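So the structure is just underneath, and the comments pick up after that.
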Amino acid sequence: MTPVRPHTTVVLAMSADGKIADQRRSPARFGSAADRAHLEQQIAQADGVLFGAGTLRAYGTALPVSSPALLQQRQQQGQPPQPVQIVCSATAQLDPTYRFFSQSVPRWLLTTPTGAQLWANTAAFEHIMSVPLTATEPSTGLDMQDALTQFHAAGLRRLVVAGGGELVASLLAIDAVDELWLTVCPLLLGGQTAPTLIGGSGYLSDAAPRLELLSVAAIAHEVFLHYRLHRLED
Ligand SMILES: NC(=O)c1ccc[n+]([C@@H]2O[C@H](COP(=O)([O-])OP(=O)(O)OC[C@H]3O[C@@H](n4cnc5c(N)ncnc54)[C@H](OP(=O)(O)O)[C@@H]3O)[C@@H](O)[C@H]2O)c1
């Protein structure tokens with residue numbers, strides 16, 4: 001039986017050699033204004049935006065919906081002005097001075113029961129969800145199946161996954177990515193340690209997740225690729 005979970009869309013920008021950041025894991029600011037608008041458009045369609053703690057540590061902020069047209073679109077669709085911004089962190093070790101904590105967005109934390117205790121008596125998060133670590137030895141992180149079920153139960157139907165590579169890998173591992181938007185940006189970053197779209201241990205080509213191209217658009221020097229993930233049973 002297919003587990004009940006939100007529809008998930010991963011949205012990422014990468015260099016032409018497939019890196020989502022440089023080897024210092026600096027914030028990825030190499031996308032154009034068109035790419036930023038594209039990301040905001042995707043976020044505006046979502047009930048929630050999920051991102052890994054590494055992404056928050058790199059940027060210190062989340063991308064809110066700020067375009068008046070997109071805010072109006074959300075209002076017309078009966079959605080709250082902002083989707084919930086959900087940080088995924090097993091350790092819950094996050095710097096409370098990040099600008100994220102003063103942004104006008106609803107903040108949720110996804111962590112372990114131990115991590116949840118660290119933020120329990122603070123106003124930093126509107127909602128803290130705790131799930132166990134996976135039972136595998138060694139654990140591969142939080143039980144994301146459980147997390148997605150909880151998101152759905154909390155009313156989240158459309159989730160944008162804004163990176164980074166570790167989080168995307170953990171969702172792909174449980175076949176929980178439905179769509180992928182990739183912006184290929186005109187630069188080369190290189191470096192063996194620079195993160196790519198998918199962290200973790202990777203796939204052998206026979207077992208690699210397969211994609212179906214839904215659309216492609218070139219705007220100036222960037223290429224916007226929209227894929228659907230083939231389900232394991234496809
Ligand atoms: N190009 C783009 O569009 C784009 C978008 C986003 C990010 N980035 C770049 O990506 C880099 C950050 O990526 P990253 O590889 O560090 O990945 P990440 O997924 O953002 O962060 C990894 C951390 O998130 C938590 N996490 C993620 N998945 C988890 C899981 N399944 N279970 C438990 N915890 C989980 C863990 O936090 P704890 O250690 O706290 O437990 C883990 O250490 C940055 O350099 C950023 O600039 C690029």
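All residue numbers refer to positions in the sequence shown, counting from 1. When a ligand or atom number is given, it counts from 1 through the structure's own listing order. Source: prediction; values computed, not measured.
- Taking W119 as the reference, F101, F125 meet the ring-ring contact (aromatic ring centres under 6.0 Å, His included) condition, with sequence neighbours excluded.
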Give the intermediate values and the outcome of side-chain contact (heavy atoms from CB on, under 4.5 Å) for residues S66 and E40. CA-CA 8 Å; S66 54; E40 189 183 337; 3.6 Å; yes
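- The nearest protein heavy atom to atom 42 (C) of ligand 1 is not closer than 4.0 Å.
- Under a 3.5 Å cut-off, the side chain of R107 and the backbone N or O of F100 do form a donor-acceptor pair.
- Only the side chain of A58 comes within contact range of ligand 1, with a heavy atom under 4.0 Å; no backbone atom does.
- Residue-ligand proximity, A53 to ligand 1, at heavy-atom distances under 4.0 Å covers atoms 21 (O), 23 (C), 24 (O), 25 (C), 37 (O), 40 (O).
- Of the polar atoms of G164, at least one N or O is found under 3.5 Å from an N or O of ligand 1, judged by distance alone.
- Residue contacts with ligand 1 for Q93 are absent, since no atom lies close enough (heavy atoms, distance under 4.0 Å).
- Within the listing of ligand 1, atoms 13 (O), 15 (O), 17 (O) sit less than 4.0 angstrom from a heavy atom of G165.
- Side-chain contact between T183 and L39 is absent, with no heavy atoms from C-beta onward closer than 4.5 Å.
- Among protein heavy atoms, atom 16 (O) of ligand 1 sits closest to R25 NH1, 3.2 Å.
- The S170 neighbourhood of ligand 1 comprises atoms 31 (N), with distances under 4.0 Å to a heavy atom of that residue.
- The shortest heavy-atom distance from G199 to ligand 1 is not under 4.0 Å.
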Report the C-alpha separation of L50 and M144 in whole Å, then their side-chain angles, then the decisive distance to 0.1 Å, and conclude whether the side-chain contact (heavy atoms from CB on, under 4.5 Å) test is met. CA-CA 12 Å; L50 179 65; M144 294 308 290; 4.1 Å; yes
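- Checked against a 3.5 angstrom limit, the closest N/O atoms of M144 and ligand 1 fall outside it.
- Of all protein heavy atoms, the one closest to atom 32 (N) of ligand 1 is L142 N, 2.9 Å.
- In this structure, the separation between NZ on K19 and CG on L187 is 12.0 Å, given to the nearest 0.5 Å.
- Counting heavy atoms from C-beta outward, P81 and Q75 have side chains that stay 4.5 Å or more apart.
- Within ligand 1, the atoms closer than 4.0 Å to a non-hydrogen atom of A21 are 9 (C), 45 (O), 47 (O), numbered from 1 in the order shown.
- Of all atoms in ligand 1, listed by their number and element, those nearer than 4.0 Å to a heavy atom of L12 are 2 (C), 3 (O), 4 (C), 5 (C).
- In this structure, the side chain of R5 does not engage the main chain of Q145 through any donor-acceptor pair within 3.5 Å.
- Between L118 and L94, the closest side-chain pair of non-hydrogen atoms is not below 4.5 Å.
- At a 3.5 angstrom cut-off on N or O pairs, P195 does not count as close to ligand 1.
- Looking at every heavy atom in both residues, S130 comes nearest to Q150 through O-NE2, 3.3 Å.
- Annotation: atom 7 (C) of ligand 1 to nearest protein heavy atom, T55 OG1, 3.2 Å.
- Of the protein's heavy atoms, L167 CA, 3.5 Å lies nearest to atom 28 (N) of ligand 1.
- For the pair R57 and ligand 1, a heavy-atom separation below 4.0 Å is found.
- With contacts defined as side-chain heavy-atom distances shorter than 4.5 Å, the pair I86/L159 qualifies.
- Residue G54 places at least one N or O, backbone or side chain, under 3.5 Å from an N or O of ligand 1.
- The closest approach between G115 and ligand 1 stays at or above 4.0 Å for every heavy atom of the residue.
- Residue contacts with ligand 1: V11 is placed with no nitrogen or oxygen under 3.5 Å of a nitrogen or oxygen of the ligand (distance criterion only).
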Report the C-alpha distance between R57 and D95 in whole Å, list the side-chain angles of each, state the deciding distance to 0.1 Å, and finish with yes or no for side-chain contact (heavy atoms from CB on, under 4.5 Å). CA-CA 8 Å; R57 289 177 190 125; D95 183 343; over 6 Å; no
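- Note on residues 207-227: pairs passing salt bridge (Lys or Arg N to Asp or Glu O under 4.0 Å), not counting sequence neighbours, are E212-R228.
- Contacts with ligand 1 closer than 4.0 Å are made by side-chain heavy atoms of Y59 only, the backbone lying farther away.
- Every atom of ligand 1 with a heavy atom of A13 under 4.0 Å away is listed here by number and element: 1 (N), 2 (C), 3 (O).
- The A162 neighbourhood of ligand 1 comprises atoms 5 (C), 6 (C), with distances under 4.0 Å to a heavy atom of that residue.
- Counting the atoms of ligand 1 from 1 in the order shown, those under 4.0 Å from a heavy atom of S26 are 45 (O), 47 (O).
- Residues D47 and V84 fail the side-chain proximity criterion, which asks for heavy atoms closer than 4.5 Å.
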Check the pair L225, L211 against side-chain contact (heavy atoms from CB on, under 4.5 Å), reporting the backbone distance first and the verdict last. CA-CA 11 Å; L225 298 164; L211 306 172; over 6 Å; no
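- Residues L133 and L142 form a side-chain contact, since some pair of their non-hydrogen atoms from C-beta on lies under 4.5 Å apart.
- Selection from I20, V161, V168 by nearest heavy atom to atom 8 (N) of ligand 1 gives I20.
- Protein heavy atom at the shortest distance from atom 25 (C) of ligand 1 is C88 O, 3.2 Å.
- Protein heavy atom nearest atom 34 (N) of ligand 1, with residue, atom name and distance: A90 N, 3.5 Å.
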